[in-house]
Amino acid sequence: MKSKTNDSAKTEKLSISADILIFSVSDEIQSNYRKLNKKHFSVLLMKRDKSPFKDKWSLPGDFVKVDEDIEDAAKRILTSEVNLHDIYLEQLYTFSNPHRDPRMRVVSTAYLALIDKNTLNEQIPTNASWFNIMTIEDKESIYVTLNNDNEEIKFKIGKTLKEKTTDRYKYTILENDKIAFDHPLAIVSGISRLKNKLEYTDVVFNMMPEYFTLGELQQVYEVILGKKLLDPAFRRMIASKVEKTDKMQTGGGHRPSVLFKYKNND
């Protein structure tokens with residue numbers, strides 16, 4: 001029979017953390033001025049300067065204080081660790097594998113944050129970097145490549161259908177040597193969540209400037225979804241989400257284009 005004292009001691013060692021998955025879409029300026037600037041879907045990672053996983057990349061995160069709500073902890077982390085303020089934030093998933101942190105038993109609640117880094121005024125820390133995301137997916141695996149100007153990171157995630165009726169998958173790390181903890185799982189889970197939400201919410205507009213062309217908006221959808229969309233079908237899909245303005249995009253060798261903005265129906 002287990003003693004209550006031992007059970008209590010194990011419980012006291014449980015810690016809670018919050019980790020933030022920050023996604024953005026940004027421009028790569030094209031040399032051919034007649035083409036739209038290429039879009040990149042990217043994630044913000046931070047290089048760890050202490051153990052465990054020293055010199056590995058991780059999501060911004062920290063332990064939740066004893067007198068702190070988890071969402072308040074996430075907002076604190078965005079401000080104190082990454083110097084970002086007042087951006088879109090939603091709870092993503094709780095990761096609770098007993099072995100996910102070699103120091104102790106740590107349960108992590110991951111949050112999804114979205115920004116338009118083209119219009120970002122804040123300076124991110126020197127140990128943080130944006131990585132462009134590329135994914136290749138088959139029936140059993142997801143291959144992820146992250147790139148910045150200096151480094152390439154690759155990892156492989158296995159996927160098993162968890163609930164057939166909801167198309168939910170269980171993810172496992174098959175290959176990874178540069179990202180700390182189980183953060184590859186959070187990255188893949190966040191990509192999947194964002195792709196799904198594009199279809200039934202207006203969440204994408206948290207990654208857009210105030211004014212944009214329909215071509216630019218379509219590019220953002222395509223770079224996140226990883227596929228080309230037919231123009232007529234896309235226009236029908238977003239017709240109720242945007243409204244035409246009297247502003248025009250000019251310059252850069254393009255024909256003048258009408259600018260749109262998000263139609264907030266609240």
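Nothing here was measured: the structure is a model prediction, and the numbers come from that model.
- The six-membered or imidazole ring of F234 lies near that of Y221, with a centre-to-centre distance under 6.0 Å.
- Considering all non-hydrogen atoms of both residues, A18 and I77 come closest at O-CD1, 3.3 Å.
- E199 places no side-chain N or O within donor-acceptor distance of the main-chain N or O of N196, the cut-off being under 3.5 Å.
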Next item on the list: Any chance you could lay out the side-chain contact (heavy atoms from CB on, under 4.5 Å) test for F41 and S26, step after step, and finish with the verdict?
Entry: CA-CA 7 Å; F41 181 36; S26 58; over 6 Å; no
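- Around the NZ atom of K195, the shell of radius 6.0 Å holds more than 12 heavy atoms that belong to other residues, nucleotides or ligands.
- The cationic atom of K261 (NZ for Lys, CZ for Arg) does not lie both less than 6.0 Å from the six-membered ring centre of Y211 and within 45° of the ring axis.
- Here the side chains of F155 and T145 are not in contact, with every heavy-atom distance at 4.5 Å or above.
- Note that the OG atom of S80 and the CG atom of D62 stand 6.5 Å from one another [nearest 0.5 Å].
- Cluster partners of L230: none. The rule joins Ile, Leu, Val, Met, Phe, Trp and Tyr whenever side-chain heavy atoms lie under 4.5 Å apart, and it links nothing here.
- Looking at R168 and E163, a side-chain N of the basic residue comes within less than 4.0 Å of a carboxylate O on the acidic one, giving a salt bridge.
- By the neighbour-count criterion of 12 heavy atoms within 6.0 Å, atom CG of D86 is sparsely surrounded, having that number or fewer from other residues, nucleotides or ligands.
- A salt bridge is defined here as a Lys NZ or Arg NE, NH1 or NH2 lying under 4.0 Å from an Asp or Glu carboxylate O, and K228 with E222 meets this definition.
- Side-chain contact between M208 and D116 is absent, with no heavy-atom pair separated by less than 4.5 Å.
- V106 and F95 are assigned to two separate hydrophobic clusters, defined by single-linkage of ILVMFWY side chains at heavy-atom distances under 4.5 Å.
- The local environment of CD in E243 is crowded, with over 12 non-hydrogen atoms from other residues, nucleotides or ligands closer than 6.0 Å.
- The existence of a salt bridge linking D101 and R103 is confirmed by a sub-4.0 Å separation between a basic side-chain nitrogen and an acidic carboxylate oxygen.
- For CD of Q123, the number of neighbouring non-hydrogen atoms (other residues, nucleotides, ligands) closer than 6.0 Å is 12 at most.
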Next item on the list: Could you go through the side-chain contact (heavy atoms from CB on, under 4.5 Å) check for Y171 and S189 one step at a time?
Entry: CA-CA 8 Å; Y171 298 123; S189 298; 3.8 Å; yes
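- Side-chain atoms of T79 come within 3.5 Å of backbone N or O of K75 as a donor-acceptor pair.
- Between N148 and N132, every side-chain heavy-atom pair lies at or beyond the 4.5 Å cut-off.
- In this structure, D177 does not pair ionically with K56, as no charged nitrogen and carboxylate oxygen lie closer than 4.0 Å.
- More than 12 heavy atoms of other residues, nucleotides or ligands lie within 6.0 Å of CG in L225, so this atom counts as buried by the packing criterion.
- Counting only heavy atoms from C-beta outward, the side chains of Y93 and L185 never approach each other to under 4.5 Å.
- If you take CG on L84 and CD1 on I124, they are separated by 8.0 Å, rounding to the nearest 0.5 Å.
- In plain terms, the two heavy atoms of V64 and E68 that are nearest each other are CG1-O, 3.4 Å.
- Looking at every heavy atom in both residues, N176 comes nearest to I179 through ND2-O, 2.9 Å.
- When hydrophobic clusters are built by joining Ile, Leu, Val, Met, Phe, Trp and Tyr residues whose side-chain heavy atoms come closer than 4.5 Å, directly or via intermediates, L114 is grouped together with I238.
- A heavy-atom distance below 4.5 Å is not found between the side chains of D19 and L21.
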Next item on the list: Begin with the C-alpha distance, continue with both residues' side-chain angles, and end with the deciding distance and a verdict on side-chain contact (heavy atoms from CB on, under 4.5 Å) for E216 and Q249.
Entry: CA-CA 11 Å; E216 290 170 334; Q249 182 188 68; 3.1 Å; yes
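- A chain of hydrophobic side-chain contacts below 4.5 Å, direct or via other Ile, Leu, Val, Met, Phe, Trp or Tyr residues, connects L198 to Y262.
- A distance of 7.0 Å separates OH of Y111 from CG of L89, quoted to the nearest 0.5 Å.
- A distance of 10.0 Å separates CD1 in I142 from CG in L174, rounded to the nearest 0.5 Å.
- In this structure, L229 is a member of the same hydrophobic cluster as V220, with clusters built from ILVMFWY side-chain heavy atoms closer than 4.5 Å.
- Residue D55 comes nearest to K47 through the heavy atom pair O-CE, 3.7 Å, listed as atom of the first residue, atom of the second, then distance.
- You'll find the side chain of Y88 reaches within 4.5 Å of the side chain of V203, heavy atoms only.
- In terms of modelled atom types and a separation under 3.5 Å, the side chain of S24 and the main chain of K117 share a donor-acceptor contact.
- For the atom pair R100 CZ and S17 OG, the distance stands at 5.0 Å (nearest 0.5 Å).
- Geometrically, K159 engages Y169 in a cation-pi contact, judged by NZ or CZ lying under 6.0 Å from the ring centre and within 45° of the ring axis.
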Note to self: Before you tell me yes or no, could you show the steps for W130 and I22 under side-chain contact (heavy atoms from CB on, under 4.5 Å), namely the whole-Å CA-CA distance, both residues' side-chain angles and the distance that decides it to 0.1 Å?
What the structure shows: CA-CA 9 Å; W130 290 101; I22 307 170; 3.8 Å; yes
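- Here the shortest heavy-atom pairing between L59 and I20 reads CB-O, 3.6 Å.
- With a 6.0 Å radius and a threshold of 12 heavy atoms from other residues, nucleotides or ligands, H85 has its NE2 atom above the threshold.
- In the hydrophobic cluster analysis, where Ile, Leu, Val, Met, Phe, Trp and Tyr join through side-chain heavy atoms closer than 4.5 angstrom, I136 is grouped apart from I191.
- Remark: R76 does not engage E81 in a salt bridge, criterion side-chain N to carboxylate O under 4.0 Å.
- Side-chain contact between L214 and V242 is present, with at least one heavy-atom pair separated by less than 4.5 Å.
- Using a 4.5 Å cut-off on side-chain heavy atoms (C-beta onward), F205 and L217 make contact.
- Relative orientation of the H183 and F181 rings is tilted, given thresholds of 30° and 60° on the angle between their planes.
- Within the 3.5 Å criterion, the main-chain N or O of K54 finds no donor-acceptor partner in the side chain of S51.
- Nearest heavy-atom pair, I173 versus D182, reported as atom, atom and distance to 0.1 Å: CD1-CA, 3.9 Å.
- A donor-acceptor pair under 3.5 Å links the side-chain atoms of T245 to the main chain of L259, judged by distance alone.
- Taking OG of S42 as the reference point, atom CZ of F131 lies at 11.0 Å (rounded to 0.5 Å).
- Between E90 and K197 a salt bridge is recorded (basic side-chain N to carboxylate O distance below 4.0 Å).
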